Amino acid sequence: MLQLDVLRHGQTTQGHTLRGYLDDALTAEGWQQMQETIAVYVQQHCMWDAIVTSPLQRCLSFAQDVQQQFDLPLVVMPEFKELNFGVWEGLTVQHIHETQPDLLGNFWQDPCQYAPPQGENLAEFQARLQQGFQELLTQAQQQQWQSILLVSHGGVIKWLKCMAHLQPITQLLSMSAELASIHSILLSRNQDLSLHIQEKTR
């Protein structure tokens, strides 16, 4: 069983918009938010064996700083990027509602069937994450890692919470994942080699 402490990035320069694959940077406040979360967590818990991160700079830049601070292995995995919002990236939900209300309505009502234009639907997002976590479990077993810090995105955390609470992925958009929050997950494989995901209570 692998323990994942999943840290969402802090505030970014495009924080009022849908970001997805948009590679915006952390603000000074966003960086401070993440530093404060890590400082409190490290005081209360044991250290990790490795750090895994999304390649987007709002995650990667902070992960690199933590890696240097604690001298841990760092693995960059594109599977853990945010949901791809396609042509909606960089736009506010209000703007999309005003200009493409039907497309936005379809996405909110059935995000597994309807994707943002040129983006991902939730079924595609889930397949990408399942592949990524399977690969991460394999690598952790090979390296004998038992505890990992994963620096990633709100959508990834919300998906993990859906899986942990046995909720359909259509509920993902209603899950909470605050900026710079950290969430502890226990990850393993079932007998049929499918993923088994639990949320660890502190």
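Note that the coordinates shown come from a computational prediction; the quantities given were computed from them, not determined experimentally.
Closest heavy-atom contact between S61 and L26: OG-CD1, 4.1 Å. Between Q14 and T17, the closest heavy-atom pair is O-OG1, 2.7 Å. Between Q33 and A180, the closest heavy-atom pair is CB-CB, 3.6 Å. Nearest heavy-atom pair across G10 and M34 is N-SD, 3.2 Å. The two residues N84 and E89 have their closest heavy-atom pair at OD1-OE2, 3.1 Å. The two residues H183 and A177 make their nearest non-hydrogen contact at NE2-CA, 4.3 Å.
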Decide yes or no on side-chain contact (heavy atoms from CB on, under 4.5 Å) for E120 and Y21, but give the supporting numbers first.
CA-CA 11 Å; E120 284 180 300; Y21 278 26; 4.2 Å; yes

If you apply the rule side-chain contact (heavy atoms from CB on, under 4.5 Å), what do you find for H196 with L186, and how did you get there?
CA-CA 8 Å; H196 179 64; L186 297 176; over 6 Å; no

For side-chain contact (heavy atoms from CB on, under 4.5 Å), just list the numbers for M47 and L72, CA-CA rounded to whole Å, side-chain angles, deciding distance to a tenth of an Å, and then say yes or no.
CA-CA 10 Å; M47 183 49 59; L72 297 172; 4.0 Å; yes

Give the intermediate values and the outcome of side-chain contact (heavy atoms from CB on, under 4.5 Å) for residues E82 and F125.
CA-CA 9 Å; E82 182 59 282; F125 184 53; 4.1 Å; yes

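The distance from the CD atom of Q198 to the OG atom of S184 is 12.5 Å, given to the nearest 0.5 Å. The distance from atom CG of L60 to atom CG of D23, rounded to the nearest 0.5 Å, is 8.5 Å. Taking CD from Q3 and OG from S188, the interatomic distance works out to 12.5 Å, rounded to the nearest 0.5 Å. Here the straight-line distance linking atom CG of N121 with atom CG of D110 works out to 9.0 Å at 0.5 Å rounding. One finds the OG1 atom of T99 at 8.5 Å from the CG atom of L104 (value rounded to the nearest 0.5 Å). The OG1 atom of T53 sits 11.0 Å away from atom CE of M77, with the distance rounded to the nearest 0.5 Å.
Linking Ile, Leu, Val, Met, Phe, Trp and Tyr whenever their side-chain heavy atoms come within less than 4.5 Å leaves V40 and I51 in two separate clusters. The cluster map of Ile, Leu, Val, Met, Phe, Trp and Tyr, joined by side-chain heavy atoms under 4.5 Å apart, puts L22 and L179 in different clusters. V87 and V93 fall within a single hydrophobic cluster, where Ile, Leu, Val, Met, Phe, Trp and Tyr side chains are chained together by heavy-atom contacts under 4.5 Å. M1 and L160 are not part of a single hydrophobic cluster, where members link through side-chain heavy atoms under 4.5 Å apart. Under a hydrophobic-cluster definition in which Ile, Leu, Val, Met, Phe, Trp and Tyr are linked whenever side-chain heavy atoms come within less than 4.5 Å, directly or via other members, L56 and V66 are assigned to different clusters.
Distance alone, capped at 3.5 Å, places no donor-acceptor pair between the T13 side chain and the D24 backbone. A donor-acceptor pair is defined here as one N or O able to donate and one able to accept, closer than 3.5 Å; such a pair exists between the side chain of K161 and the backbone of S176.
Residue L195 is tested with L129, L137, N190 for a side chain to side chain contact (heavy atoms under 4.5 Å, CB included); the sole match is L137. Of the residues listed (E135, R128, Q134), the one engaging Q131 in a side chain to side chain donor-acceptor pair (under 3.5 Å) is E135, and it is the only one. When each of D5, I197, L2 is checked for a side chain to side chain contact (heavy atoms under 4.5 Å, CB included) with I185, only I197 meets the rule.
In summary, the side chains of E98 and Q94 do present a donor paired with an acceptor at a separation below 3.5 Å, with no hydrogens or angles considered. Side-chain polar atoms of Q32 and E36 form a donor-acceptor pair below 3.5 angstrom.
In E178, the CD atom is not crowded: 12 or fewer heavy atoms of neighbouring residues, nucleotides or ligands sit closer than 6.0 Å. Surrounding NE2 of H165 are more than 12 heavy atoms belonging to other residues, nucleotides or ligands, all under 6.0 Å away.
Using a 4.5 Å heavy-atom threshold, the side chains of L7 and F62 count as touching. With a 4.5 Å cut-off on side-chain heavy atoms, L173 and P111 count as touching. When side chains are defined from C-beta on, P117 counts as touching Q100, because their heavy atoms get closer than 4.5 Å.
A parallel orientation is assigned to the rings of F133 and W159, their planes being inclined by less than 30° (bins at 30° and 60°).
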Below 3.5 Å, can you tabulate the donor-acceptor pairs from side chains in residues 140-156 to any protein atom, sequence neighbours excluded?
unit_1	atom_1	unit_2	atom_2	d
Q141	OE1	R189	NH1	3.4
S152	OG	F80	O	2.8
H153	NE2	S54	OG	2.8

